[in-house]
Number of protein chains: 2
Amino acid sequence: MARAKTAKPYHHGELREALVSAGRKLMEERGLRGFTLRECARRAAVSHAAPAHHFASIDDLLAEIATRGYHELTAAMSAEARRSGNDAAARLVGQGVGYMAFAAANPVLFQLMFSREANRFETPELAEAAKSAYHLHREAVEAVIPQASGEVKERMVDFAWASVHGFITLVLEGQLGEKDSSRALKARGLAALSAMVEAVVRAGGEP
Amino acid sequence: MARAKTAKPYHHGELREALVSAGRKLMEERGLRGFTLRECARRAAVSHAAPAHHFASIDDLLAEIATRGYHELTAAMSAEARRSGNDAAARLVGQGVGYMAFAAANPVLFQLMFSREANRFETPELAEAAKSAYHLHREAVEAVIPQASGEVKERMVDFAWASVHGFITLVLEGQLGEKDSSRALKARGLAALSAMVEAVVRAGGEP
DNA sequence: CCTCAAATCTTGTCAATGACAAGATAAATT
DNA sequence: AATTTATCTTGTCATTGACAAGATTTGAGG
């Protein structure tokens, strides 16, 4: 039977994209515990079983969303570093700003990306995406202390990442003065980044 | 009807404790997503509805578990600081070691305590317990830079906590060389702590 | 153009879960 | 001893993720 011209077609057409998009909005609205496959389906206006044809399980959808998150994180870090000129230290601070800005704009997605559960549904694509963000960071740190030994470099890569990640994580969890205006919070973030860079430079100084 | 002498009594007697204990083991075994109220009840050998008489909801049980986690975290930090003698810098490192050791020993509980979801079921007791851990840390940092201005102190409290928290968080998520032996990982953790303390001392130096 | 296989989406079902209701049993209080 | 309160039980409900089977659409080969 011919369908009315305004009726929705039997085939969605871009259901995979619609599910990813709906899923991202849903998780930011209701948190990870409020994320359900059926609500994603509802928001994409398809039946509860439709997602199965695009994602084998709820973890598969989460893995896809997390993978895209890493791509965006990498892009945000890269863009902010570019805006920061050629000085290695300034670029490292810039990457940190990009990192924090992405996390602040996508708090639940960020939590998903770095959650323990994420290790359970880790796909090759997810691992690859995460690795590229890591390498970007690693290079930025090493550029600040090119003369340092390999071991010192490695430890400063750890330390720098830990400082940035720890700070924004605590902020997002509301542990660090949630009452602060975003402006004041930004200043505190920059202070943490400055302390981090200074420590890296100092540790990497002539052996 | 009289019950057989070995049959379990109708009243558990210490169900609240049993549920907390079972819940902690369960979450470490299966992660936060594998945590269910009914499995806690099963492990405590009671019916699925029994927990309701001790915890109004699953979030109530999680809040209680998280609260105890903060108490243990505070105790671990305090104990390790005591073991570290009287030098303020050494004590700060010690507290960080205690912090990391607690997190490593209770990774899922630690994740729960600092998860975004935790803010949703925050009870007064939980807030209080978290605050006492925070104050312990704050005092340890301020003791290292007693001559610094209030603002510098505050920012170094942020920074120090972020470094410690970020490092152990990344380790637990498997982002930082999961393959490392725990011995090597410990060395890297100490390196991060040293860099942190040095940065604090430096930032707090005579203005 | 036609046929048929593959992809996509639907309804129907299942066990598991959190929450609630109502009743049974034990303990505590008076 | 009687009665109230606390504790635990069985029973039920809507929601969820996953699976099965059937309907619709697409599109590739003849």
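Here is the naming used below: chain letters follow the sequence lines, and residue numbers restart at 1 for every chain. Keep in mind it's a predicted model, so treat the numbers as computed, not measured.
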Enquirer: Below 4.0 angstrom, which residues in residues 49-63 of chain A have at least one non-hydrogen atom near DNA chain C?
Expert: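 Residues of residues 49-63 of chain A under 4.0 Å from DNA chain C: A:Ala49, A:Ala50, A:His53, A:His54.
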Enquirer: Find out whether B:Phe55 and B:Arg16 are in side-chain contact, i.e. whether some heavy atom of one side chain is under 4.5 Å from a heavy atom of the other.
Expert: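 Answer yes - side chains close enough.
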Enquirer: Should we say atom CZ of A:Arg42 is surrounded by more than 12 heavy atoms from elsewhere, each under 6.0 Å from it?
Expert: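 It does: A:Arg42 CZ has more than 12 such atoms within range.
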Enquirer: Please lay out, stage by stage, how B:Lys25 and B:Glu29 fare under the test salt bridge (Lys or Arg N to Asp or Glu O under 4.0 Å).
Expert: CA-CA 6 Å; B:Lys25 281 177 193 158; B:Glu29 280 175 28; over 6 Å; no
Enquirer: Considering only side-chain heavy atoms of A:His48, which listed nucleotide, C:dA19, C:dG18, D:dC19, is closest?
Expert: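 Closest nucleotide to the A:His48 side chain: D:dC19.
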Enquirer: Is any side-chain heavy atom of A:Phe114 closer than 4.5 Å to a side-chain heavy atom of B:Thr169?
Expert: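 No, their side chains stay 4.5 Å or more apart.
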Enquirer: Using heavy-atom distances to pick each residue's nearest nucleotide on DNA chain D, tell me which of B:Glu14 and B:Arg33 is more 5'.
Expert: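 It is B:Glu14 whose nearest nucleotide is closer to the 5' end.
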Enquirer: Rounded off to whole Å, could you give me the CG-to-P distance for the B:Leu15 and C:dA26 pair?
Expert: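 Computing the B:Leu15:CG to C:dA26:P distance gives 16 Å.
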Enquirer: For A:Arg30 and D:dT16, give me the distance from atom CZ to atom P, rounded to whole Å.
Expert: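 These atoms are roughly 9 Å apart.
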Enquirer: From the list C:dG18, D:dT9, D:dA18, which nucleotide is the closest neighbour of the side chain of A:Arg38?
Expert: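 So the nucleotide nearest the side chain must be D:dA18.
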Enquirer: Looking across every strand, which nucleic acid part, if any, lies under 4.0 Å from B:Gly34 by heavy atom: base, sugar-phosphate, or nothing?
Expert: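 Answer is nothing: B:Gly34 stays at 4.0 Å or more from every strand.
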Enquirer: Going by the side-chain contact (heavy atoms from CB on, under 4.5 Å) test, name the single residue among B:Val197, B:Val144, B:Val164, B:Asp87 that passes it with B:Val93.
Expert: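 Among the candidates, only B:Val197 passes.
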Enquirer: Looking at B:Glu117 and B:Arg33, does any basic side-chain N land under 4.0 Å from a carboxylate oxygen?
Expert: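 Salt bridge flag = no for B:Arg33 with B:Glu117.
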Enquirer: Taking atom P of C:dT17 as reference, at what distance in whole Å does atom CG of B:Leu26 sit?
Expert: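 Checked: the CG to P distance equals 10 Å.
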Enquirer: Checking side-chain hydrogen bond (donor to acceptor under 3.5 Å, both in side chains) against B:Asn106, which of B:Glu72, B:Glu28, B:Arg24 comes through?
Expert: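 The side-chain hydrogen bond (donor to acceptor under 3.5 Å, both in side chains) with B:Asn106 is passed solely by B:Arg24 among B:Glu72, B:Glu28, B:Arg24.
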Enquirer: Please tell me which of the listed nucleotides, D:dT9, D:dA18, C:dA19, lies nearest to the side chain of B:Ser47?
Expert: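 Looking only at side-chain atoms, B:Ser47 lies closest to D:dT9.
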Enquirer: Of the listed nucleotides (D:dC8, C:dC9, C:dG18), which one gets closest to any side-chain atom of B:Thr36?
Expert: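 So the side chain of B:Thr36 is nearest to C:dG18.
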Enquirer: Find the distance A:Arg43:CZ to D:dT16:C1' and express it as a whole number of Å.
Expert: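 Roughly 16 Å, once rounded to whole Å.
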Enquirer: With a 4.0 Å cut-off on heavy atoms, is A:Arg42 in touch with a base, just the backbone sugar-phosphate, or nothing at all?
Expert: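 Sugar-phosphate: the residue A:Arg42, judged by heavy atoms under 4.0 Å, touches backbone atoms but no base.
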